[in-house]
Peer 1: 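Sharing a structure here in structure tokens format.
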Amino acid sequence: MMTRSVRGKISVVTPVLNEEGNVEVLYNEVKKSCGSAGVDLEMIFVDDGSTDRSLEIIKRLRSDDPGVQFISLSRNFGHQNAFFAGLTRATGDAVITMDADLQHPPYLIPKMVDMWRSGAEVVYTTKSDANIDQVKSVIVRFAYWFISRVSGLKLGFGQSDYRLIDRKVLKVILDMPEYHKFLRGQISWIGFRQEGVSYNVEKRHSGVPKYSYKSLYSLALDGIFSFGRYPLHLVMVFSVIVLGFSSLYIFAILSIWLLKISGIVHIPMPPGWTTLSMGMFFLGSIQLIAIGILSEYVGRVFDQAKGRPVFIVRESSEE
Ligand code: UDP
Ligand code: MG
């Protein structure tokens, strides 16, 4: 079994959107956990367009500890892009990504570091859903199942963005040019030696969740459409099935008509309106689904083709 040098440096990357009640507590706990894990800490806060005192508090932490770094983005770029922004600055031997609200418990760090030292290149975490809001839990469970099915990735329920990645995995992630970042999917896709550890998710330490249903939805779409062409394949399957049924229907109608004109037997035709309109709506909706799926892909090609940066820095501790 491969073992790494005993003392190493860990970069902890944390996106922050209005977390003034959390950053300092998080910093203290992470510092403590890194101490007991026997690693040096580089703490990188990414301020993702906060409008509260988060950045001010982070700057104060930095004035006491130069191991604290920050990047402040020019506006809100979203959780995934904020993580990515932080990753571009990480210089540690391994990087831990974690949320700022203490729902990702810092006490797991020593365990994650141990697993990394004994050879894991990715240590991912899964949460048990004890403390998650019921409705959200059902929706999220379904989304995980569906995304895994459709994208061909193996995403277990409750895989979060709390994970440790080795420096060489970091390099691969930074080299992936995709515009729509979906770290969970990217990490699952790239391979390497991955090991999991599970934890009980806590309630937020302070403040309110920043992930609206809308942003969960867009994250799910990224998971579905950025990893494969299975949805396009589904359209094809739908079309073939519809074509099959339509052909049967046409064959039946034709037979009745032929029987009638050849004078063998006369089966009165229904007035036809119901079937016609049903057919129209059915085919219409299949076509709309197909267009919708195609436009998801075209939209992604468009975003990628523009080649815009996935985050813009206003100020950072490096300057
Ligand atoms: N966050 C962010 N930008 C966003 C949304 C969230 O940087 O646009 C941060 C937020 O401050 C927190 C983490 O991402 O540190 C996770 O957000 P939240 O706790 O709201 O997500 P949930 O736990 O509900 O999935
Ligand atoms: Mg949270």
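All heavy atoms count here, side chains included; hydrogens, waters and symmetry mates do not. Order of appearance sets the numbers: ligands from 1, and atoms from 1 within every ligand. These numbers were taken from a predicted model, which means no experiment stands behind them.
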Peer 1: Looking at D101 and R204, is any side-chain nitrogen of the basic one under 4.0 Å from a carboxylate oxygen of the acidic one?
Peer 2: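 Looking at R204 and D101, the cut-off is met.
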
Peer 1: Contact between L41 and K9 at the side-chain level, heavy atoms closer than 4.5 Å - yes or no?
Peer 2: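 Result no, sub-4.5 Å side-chain heavy-atom pair not found.
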
Peer 1: Heavy-atom contacts under 4.0 Å between N76 and ligand 1: side chain, backbone, both, or neither?
Peer 2: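 Side chain only; the backbone of N76 stays clear of ligand 1.
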
Peer 1: Suppose we measure from atom 21 (O) of ligand 1 to each protein heavy atom; which comes out shortest, and what is that distance?
Peer 2: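 Nearest protein contact, heavy atoms only, for atom 21 (O) of ligand 1 is Y211 CD1, 3.4 Å.
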
Peer 1: Given the rule that I, L, V, M, F, W and Y join up when any side-chain heavy atoms are under 4.5 Å apart, are W189 and F146 in one cluster?
Peer 2: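 Yes: a chain of side-chain contacts under 4.5 Å links W189 to F146.
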
Peer 1: Show me which atoms of ligand 1 lie under 4.0 Å from any heavy atom of D48.
Peer 2: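 Every atom of ligand 1 under 4.0 Å from some heavy atom of D48: 2 (C), 3 (N), 4 (C), 7 (O), 8 (O).
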
Peer 1: Run the numbers for me: atoms of ligand 1, each under 4.0 Å from some heavy atom of D99, listed by number.
Peer 2: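 By the 4.0 Å cutoff, the relevant atoms are 13 (C), 15 (O), 16 (C).
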
Peer 1: Specify side chain, backbone, both or neither for E19, according to which of its non-hydrogen atoms lie closer than 4.0 Å to ligand 1.
Peer 2: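 Side chain only.
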
Peer 1: Is the distance from the Mg ion (ligand 2) to the nearest N/O/S atom of D101 under 2.8 Å?
Peer 2: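 So D101 counts as coordinating the Mg ion (ligand 2), yes.
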
Peer 1: So which heavy atom in the protein is nearest atom 6 (C) of ligand 1, and how far is it from that ligand atom?
Peer 2: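 Its nearest protein heavy-atom neighbour is K210 CB, 3.6 Å.
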
Peer 1: Which atoms of ligand 1 sit under 4.0 Å from any heavy atom of V16?
Peer 2: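 Going through ligand 1 atom by atom, the ones under 4.0 Å from V16 are 7 (O), 11 (O).
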
Peer 1: So, for S160 and T125, which heavy atoms are closest and what is the spacing to 0.1 Å?
Peer 2: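 The pair with the smallest heavy-atom distance is OG-OG1, 3.2 Å.
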
Peer 1: Any ion pair linking E296 and R300 (charged N to carboxylate O, less than 4.0 Å)?
Peer 2: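 Looking at E296 together with R300, the answer is yes, because their closest N to O distance falls below 4.0 Å.
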
Peer 1: State whether the number of non-hydrogen atoms from other residues, nucleotides or ligands found under 6.0 Å of Y297 atom OH is greater than 12.
Peer 2: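 Check passes, neighbour count above 12.
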
Peer 1: Taking the side chain as every heavy atom from C-beta outward, state whether D47 and I71 have any pair of such atoms under 4.5 Å apart.
Peer 2: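 Contact flag for D47/I71 side chains = no.
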
Peer 1: Look at atom 24 (O) of ligand 1 and say which protein heavy atom is nearest, naming residue and atom and giving the distance to 0.1 Å.
Peer 2: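 Answer for atom 24 (O) of ligand 1: K136 NZ, 3.6 Å.
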
Peer 1: Is it true that a side-chain atom of S50 and a backbone atom of N18 form a donor plus acceptor pair closer than 3.5 Å?
Peer 2: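 Yes: the side chain of S50 pairs with the backbone of N18.
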
Peer 1: Indicate yes or no: does an N/O atom of A100 lie under 3.5 Å from an N/O atom of ligand 1?
Peer 2: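 Yes - when backbone and side-chain N and O of A100 are compared with those of ligand 1, one distance drops under 3.5 Å.
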
Peer 1: Which of these, A82, G86, P15, A85, has its nearest heavy atom closest to atom 15 (O) of ligand 1?
Peer 2: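 Checking each option, the heavy atom nearest atom 15 (O) of ligand 1 is found in P15.
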
Peer 1: So, S11 versus R89: side-chain donor-acceptor pair below 3.5 Å or not?
Peer 2: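 No, no side-chain donor-acceptor pair sits under 3.5 Å.
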
Peer 1: Can you figure out which of R204, H79, Q103 has its heavy atom closest to atom 18 (P) of ligand 1?
Peer 2: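 Comparing heavy atoms across R204, H79, Q103, the nearest one to atom 18 (P) of ligand 1 lies in R204.
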
Peer 1: Which residue supplies the protein heavy atom nearest to atom 19 (O) of ligand 1, what is that atom called, and how far is it?
Peer 2: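 Here the closest protein heavy atom is D101 OD2, 2.6 Å.
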
Peer 1: Which protein heavy atom lies closest to atom 1 (N) of ligand 1, and at what distance to 0.1 Å?
Peer 2: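 Result: L17 CB, 3.8 Å.
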
